[in-house]
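This report refers to the structure that appears directly beneath it.
Start at 1 with the first residue, then count along the sequence. Everything numeric in this text was worked out from a predicted model, so none of it was measured.
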Amino acid sequence: MWSHNLILVVLLLGAGVLACGGDETSGAAGSGGEAGSGAGGGGGSDAGLGPWSCDAGEVPLDDGDCLPAGVPEDGCGQGFVHDGDAGCEPVLPAEPCGPGTMAIMGETTCRAVAPCGAGTWGSIPTETDTQHVDGSYGGNDSNGSASQPWTTIQEGIDAAAAHGIVAVAAGSYHENLVIAGKAVRLWGKCPSEVEIARDPQQGAGIDVEAGATGTEIRDLAITGNGTLGGPGVWVENAADVLVDRLWIHDLDGTGVFLEPDGESTGVVIRRSLIEGAAVGGVACFNGTLELHESVVRDTQPNSEGLNGMGVVIQDDNGGEPWPVLTVVRSLIERNRYAGVAAVGADVTIEDSLIRETAVRATDGLGGNGVVLWDSAAGLAKATLTGTVLQDNHELAVYAAGADLVVERTVVRDTHASPTSVYGMALGSFLGSEPLGPRPSLEVRSSLFERGVYAGVSVAGVAASLEGVIVRDIAPTAETGTAGVGVAVETHSAPVVRGTAAILGSVIERTTTDGIVVLGADVTIASTLVRDVASQPFGGISGIGIEARVLDGSNERSVIEVRDSLVERTVRAGIYVTSSDATIDSCLIRQVEPMPSGESGHGIHVVRPQDSDLLASATIRRSVVKDAHEVGIAVIAASGELQDTVVRGTRAQPESGYFGDGILASSTVYWPSGEVDLSEVTVTGCLIEASARAGLSSFSASITVRSSLLDCNPIDMNGELLFEAPFNYVDGGGNRCGCGLDERLCQAMSAGLAPPTVQ
């Protein structure tokens, strides 16, 4: 028999329940109360239940301040401005720059690559041993002086002293140059007046070979199509080569190509424009490449329709030497297949813009902004900081076998390719050597918005997302499926469990799921998940946080959700299938039914009828309010509820079904036909204002202690299901009634309809 305890509720339930359920604005720490506005969650919290001092969607700083998710107002890269909505916009001319002109971020007008200066030699420095070249000189007495210049550039290179200047006057020079055995400083008057038109049968426009370490190439243009597809500048076995203020354009080969042959090779490209090259704008095999304040655009595929990438760096020699790429304040746009592609390399991209990458011409695939692959020598490593990736395809950032760090970066408007349903902002996966080191992903203070299918997707990697916003992720156009904000899963073959920590983040305006965990281990803290819509075709789901088994495996998910807010979802706020969940100091509210009129549960924990994997949930110090059908449903599973409030559970508007605060139900497990019993413990909880019953047991066992059932039409209901008895265990210290009107707590059978197993 239930005890009729008259102890005051403040003593009975303790500060925990009263703090989270005492008024309409109470909720989990950092839940934002009832406000929920702004990218960071909005509003202050009255409860203070959890250890975090900030709102959901904010990261606590060491000095006690709170940093909202997204790029901070002072966090945009150089040449970008904050858009006032957690993102950054590049400062660039309103219209695209024409051929031979360029602008980098921070410039509002298009300009020539370099000014020309006055006189025959412009602003080229004059030294005692400078070798002068002027193709228009008509004399037969050339000696390299300003008055008697060489008429070909190669003559000037051959005559120059080591590290001497070769000054080139205006003209179009039909040559293929070789710099070998010594370094020279090849210096044109300006790119718009000095052109090296390479011989189409001779390969590279400028070939820098062994012994030419320290060579500088400045202020000239390189062009020329031919049958050999040679590069504009080819560097082999020479380090510390500087390419400065070059206009490399309209080639049937790569703009700048580095390829060591047993010796160190490295190039620094500064203030240059590379446009209309083929295969790759800049390519580096096993060398060191730096790209500063430059533009690489409109790279075309080769004659077979392959590639057309902007910047490529690759390990093809077992990491000897290990390739290194640095990109700073550069614009990489309108290339094909990939803006930046790296295989087994170290990559740093800072304050740059990568946009409008087109798909590959042959098969419609790719269009990625940044692609990272491992090599046989090890994982790629990449850091993206202060960078914007916009209007790319398939996966704006694709890492397969890479340790990736992303900070203060914006990825937006990623489109599906013609042959792929994906338009994801970021994907991080195991590489080609899945038994090797597990890749890692760290994302901080970044924004991912307006993608297709998924915002951030990781599989088999160790991921950390801190202060991240993922929003406006659309389902696929063909099927209307997915549209997930963040997906974390385990790699299936071989099995490598995915792990993730999602902290101080905002996931909003997605479809199907805000966060979905597939057989992985995930911690979610101080995070806001809201406005998750159901799929347009079929109208199912719209779940805030979902944890389930990885498809085709027995890998169950293990999630911990704390100090977080989940609101305005469809079907369920948190949905746990054959997995384990710990939910602590959270607020789940405003869960709507699916278009079919079913569900709308705050928290749903279930072992499906066709699964032999158990499900469990521990729910502490949390609030579930304004759900439909059931506030917390535990079906063929186990649940432990402590110091939790379930308030205002509504019946379905059309059918009038349910309206139970906490429901536990058993089910039949197929194919054995055995009844799978649910067991639920309710301790120190408040269940109030349910439309039907405070507690419902359908052939399940519910233990209740030190709890208050307030203003529910039925306090506790029990029904026989599958010929298995229901069972209520009185743990003592319980109270029932409505306001000041108290009544004996007792179970009854009102013939209520059971739930369906979902």
Determine whether Leu67 and Ser445 satisfy the following criterion, side-chain contact (heavy atoms from CB on, under 4.5 Å), listing intermediate values before the conclusion. CA-CA 9 Å; Leu67 181 66; Ser445 298; 3.9 Å; yes
Against Leu331, only a single residue in Glu107, Met105, Glu293 fulfils side chain to side chain contact (heavy atoms under 4.5 Å, CB included); can you say which? Met105
Would you call Asp219-Arg245 a salt bridge at under 4.0 Å N-O? yes
Might you work through the salt bridge (Lys or Arg N to Asp or Glu O under 4.0 Å) test for Arg509 and Asp531, ending with a clear yes or no? CA-CA 5 Å; Arg509 300 194 295 271; Asp531 298 318; 5.5 Å; no
Decide yes or no on side-chain contact (heavy atoms from CB on, under 4.5 Å) for His249 and Val113, but give the supporting numbers first. CA-CA 12 Å; His249 65 99; Val113 177; over 6 Å; no
Should Asp413 and Arg450 count as an ion pair when the cut-off is N to O under 4.0 Å? yes
Would you say Glu195 and Ser172 are linked by a side-chain donor-acceptor pair, where the criterion is simply a distance under 3.5 Å? yes
Do Gln535 and Thr512 have a side chain donor and acceptor closer than 3.5 Å? yes
Salt bridge or not between Arg297 and Glu275? Use side-chain N to carboxylate O under 4.0 Å. yes
So among Leu389, Ile332, Leu92, which one has a side chain to side chain contact (heavy atoms under 4.5 Å, CB included) with Leu353? Leu92
Intermediate values then yes/no, side-chain contact (heavy atoms from CB on, under 4.5 Å), Val411 and Leu426: CA-CA 8 Å; Val411 183; Leu426 187 153; 5.9 Å; no
Hey, are the side chains of Val443 and Val456 touching, using non-hydrogen atoms and a 4.5 Å cut-off? no
Is it true that Glu407 and Arg444 have a side-chain N and a carboxylate O under 4.0 angstrom from each other? yes
Distance check, rounded to the nearest 0.5 Å: Asp374 atom CG versus Asp403 atom CG? 10.5 Å
Starting at OG1 of Thr326, measure out to CD of Glu290 and round the result to the nearest 0.5 Å. 5.0 Å
Is Thr490 reaching over with its side chain to a backbone N or O of Gly498, donor-acceptor style, under 3.5 angstrom? yes
Side-chain touch Thr387/Val370, heavy atoms, less than 4.5 angstrom: no
Between Arg336 (side chain) and Val359 (backbone), is there a donor-acceptor pair under 3.5 Å? yes
Would you say Cys76 and Val71 make side-chain contact, with heavy atoms under 4.5 Å? yes
Between the main-chain N or O of Glu89 and the side-chain N or O of Asp83, is there a donor-acceptor pair closer than 3.5 Å? no
Going by an N to O cut-off under 4.0 Å, is there a salt bridge joining Asp244 and Arg270? no
Note: Ser294 and Ser272 closest approach over all heavy atoms is OG-N, 3.0 Å
Rounded to the nearest 0.5 angstrom, the CD1-CH2 distance for Ile313 and Trp322 is 10.0 Å
Would you call Asp298 and Arg334 a salt bridge, using N to O less than 4.0 angstrom? yes
